[in-house]
Number of protein chains: 2
Amino acid sequence: MTLEPPVTTSAVAVDLTAVVIAVSEDTPVVLVRRPEAGGRAALPAGPLQAEHGTLQAGLRSWVERQTDLGLGYVEQLYTFGDRSRPADDPARGDGGRRLSIAYLALVPPLDTAVGRAPDPRTAWMPWYDAFPWEDLRSDPEPWRARLRSALAAWGSAAPKGLKAARTERVRLTFGDESSDWDAERALERYELLYEAGLVPEAAWDAGQTPATEVLDGAGRPLAIDHRRILATAVSRLRGKIKYRPVLFELLPETFTLLRLQRTAEAISGVALHKPNFRRLVAQQGLVEDTGQMEAETGGRPAKLVRFRRDVISERPAPGVRATATRRGSYP
Amino acid sequence: MTLEPPVTTSAVAVDLTAVVIAVSEDTPVVLVRRPEAGGRAALPAGPLQAEHGTLQAGLRSWVERQTDLGLGYVEQLYTFGDRSRPADDPARGDGGRRLSIAYLALVPPLDTAVGRAPDPRTAWMPWYDAFPWEDLRSDPEPWRARLRSALAAWGSAAPKGLKAARTERVRLTFGDESSDWDAERALERYELLYEAGLVPEAAWDAGQTPATEVLDGAGRPLAIDHRRILATAVSRLRGKIKYRPVLFELLPETFTLLRLQRTAEAISGVALHKPNFRRLVAQQGLVEDTGQMEAETGGRPAKLVRFRRDVISERPAPGVRATATRRGSYP
DNA sequence: CTCTCTTATGCTCAAGATGAGCATTAATCG
DNA sequence: CGATTAATGCTCATCTTGAGCATAAGAGAG
């Protein structure tokens, strides 16, 4: 390898993969292609075409045609192109490499009921189906305890010198009895489970059959490496809402503060302290009154507010970061 | 476009582009290929090869061979592949598209004096040569005032409905008399200057000759879209040091707290308040004493400290964010 | 051998931001 | 009408930040 100008190399298939996220009834959902019987659902993906002026335009144009929704927000996530991508990938063929440029897109809650979707070949899948352990809104302990004990076993099984490092990684990503985990580390947690062989993709990618006990409670696998791509999106989105007002892309024009909070909770997977959440939103000037009220609250009617678009990328870092409540205090 | 499995499309040349950053004598530098006489410097780039197991491994292996330095830290930056990428790109050829997967790499200060480099065809270029306006460590005003007035003119020249939006964008990215700008928005600033035609690449990419006044003070252009890639790296790195301890990848094994601060300042482009910076570092437990002292300080000798590697990805968010001092208070 | 200069290091203080509760208000549903 | 369900408002103790001041410990000049 030299520093000479790059030259074209071996055949590379490039596709654009979309992680389209919506929030439906406090559940974050992702657009997937329906699996055939027994198969795994896949993220929508399409080949990069010559007509596409920009990568993002390519992604945007065909997703919009598919979903009939305006994609409010689109950002490039990551480019996946490791040769180790599994052999059951139909696009690989003849020793070529497949490159997937993944994008994250957010759409407002319109026709996003789970199961229904704009195209009959697609469906909205709750993302916590893929990562049940990432939802700590109600009772976090069942999942955490199980995964931690499985991972502890993996740590103990490590070769001599690696034991401490593995144990420490588990502690950092999954927390321990005394400390919560960091919601943003969803990708690291998935990767750790993969390495530990606790998700079936690990065995499949190695050409083996996963042990059955592995499948229990390990979440729903997606095609190829799509669960990893989804985990990347979850991590990115959880980080992003802390400093950019992207939550509003997931909400209708007008909404109540509780709905905003529930959306934040759905994404981050933790329950938030209501008064503090409101204070945060208020002092940041992110929303303004519409003068209307929402009556269907089940209790006292709530003000309907709207996002102040003119503040969309204002100075410091608007967005919704807020304190988690102690466990169990969700509703 | 359908949701069918992706198929191989038109020829795509894929290369891995590296933004290798070091800090030399309080100056952030980037590794570039020396330009031919009159030409523009380019970032090192090499084609993606079939042997590369992972993209990052590919990037890492050949950069390490080139520089004889261990790349402490490598992360994927962004994939550039817009069709509008300029025509003087030697790798494009026959209507094919070029895809560049850019990586950010950090190396410790070893042989990184400006101008010297591991390979005679390469050089370390101060990144503020490309973005003089991004260095606000001493006196920010000369650049800011000039760019703001040029951009104000661009705003005023906008078609009727766009005027307000343009003016607002300028205000958000470049700040105004009363407010500083956000150091992380380096990429947005470059892109705004590009759109406004204030950097020569804008004219070149359009196949035109830039007006000479444009060139004055607009920084040093790089080959193709490499200045944009570098701006992406600057923004990413400035954001990253706030919540991950990556600064240490840019420092030798042991260092003084002032050197750590100067490195943070070099990257972020702003002068920091010394006592507060120390307090921050101390309370985060990022460093530990070595017991040794550094005598060459010019004043009272300073303790030599070292980064606590075991804390490298600890819970909340270690890293170096700190308050900027008011202007002019650098040294 | 002091005085001066330079940088290291420590301390204090006032604001602001955060984490956790408690109290009131206003609808709906039997 | 009383119970239930939310919406909204307020308070308080802690942390965290932004800024400035004071002292300590070397090198060099005179």
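Just so it is clear: chains get the letters A, B, ... in the order the sequence lines come, proteins before strands, and each one is counted from 1.
Across the protein-nucleic acid pair, A:Leu280 atom CG and C:dT18 atom C1' stand 10 Å apart, rounded to whole Å. To the nearest angstrom, P of C:dT25 lies 16 Å from CZ of A:Arg278. A:Gln261 has its CD atom 12 Å from the P atom of D:dT8, to the nearest Å. If you take CZ of A:Phe255 and P of D:dA7, they are 14 Å apart, rounded to a whole angstrom. Remark: C1' of C:dC13 and CG of B:Asn276 are 12 Å apart, rounded to the nearest angstrom. Rounded to whole Å, the distance from CD on B:Glu265 to C1' on C:dT7 is 14 Å. Per the geometry, CD belonging to B:Gln283 stands 16 Å off C1' belonging to C:dT9, to the nearest Å. Atom-to-atom, CG of B:Leu272 to C1' of D:dG20 comes out at 16 Å; the value is rounded to the nearest Å.
In this structure, the side chain to side chain contact (heavy atoms under 4.5 Å, CB included) partners of B:Glu191, at least two apart in sequence or on a different chain, are B:Leu187, B:Arg228. A:Arg169 pairs by the salt bridge (charged side-chain N to carboxylate O under 4.0 Å, His left out) definition with A:Glu195, not counting sequence neighbours.
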- [ ] Before giving the answer on side chain to side chain contact (heavy atoms under 4.5 Å, CB included), spell out for B:Val107 and B:Glu249 the whole-Å C-alpha distance, their side-chain angles and the decisive distance to 0.1 Å.
- [x] CA-CA 6 Å; B:Val107 299; B:Glu249 308 292 350; over 6 Å; no
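Of the residues near DNA chain D, A:Arg279 and A:Met293, the one whose nearest nucleotide (by heavy atom distance) lies more toward the 5' end is A:Met293.
Residue A:Lys274 places none of its side-chain N or O atoms closer than 4.0 Å to OP1 or OP2 of D:dA6.
Residues A:Lys240 and A:Glu184 are not paired through a salt bridge, judged by the lack of any N-O separation under 4.0 Å between the basic side chain and the carboxylate.
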Under-3.5 Å N/O pairs linking protein and nucleotides 21-25 of chain D:
from: D:dA24; atom 1: O4'; to: B:Arg300; atom 2: NH1; distance (Å): 3.4
from: D:dA24; atom 1: N3; to: B:Arg300; atom 2: NH1; distance (Å): 3.0
from: D:dA25; atom 1: O4'; to: B:Arg300; atom 2: NE; distance (Å): 3.3

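When only modelled atom types and interatomic distance are considered, B:Glu75 and B:Tyr73 share a side-chain donor-acceptor pair under 3.5 Å.
Summarising the local packing, CD of A:Gln283 is surrounded by more than 12 heavy atoms from other residues, nucleotides or ligands at distances under 6.0 Å.
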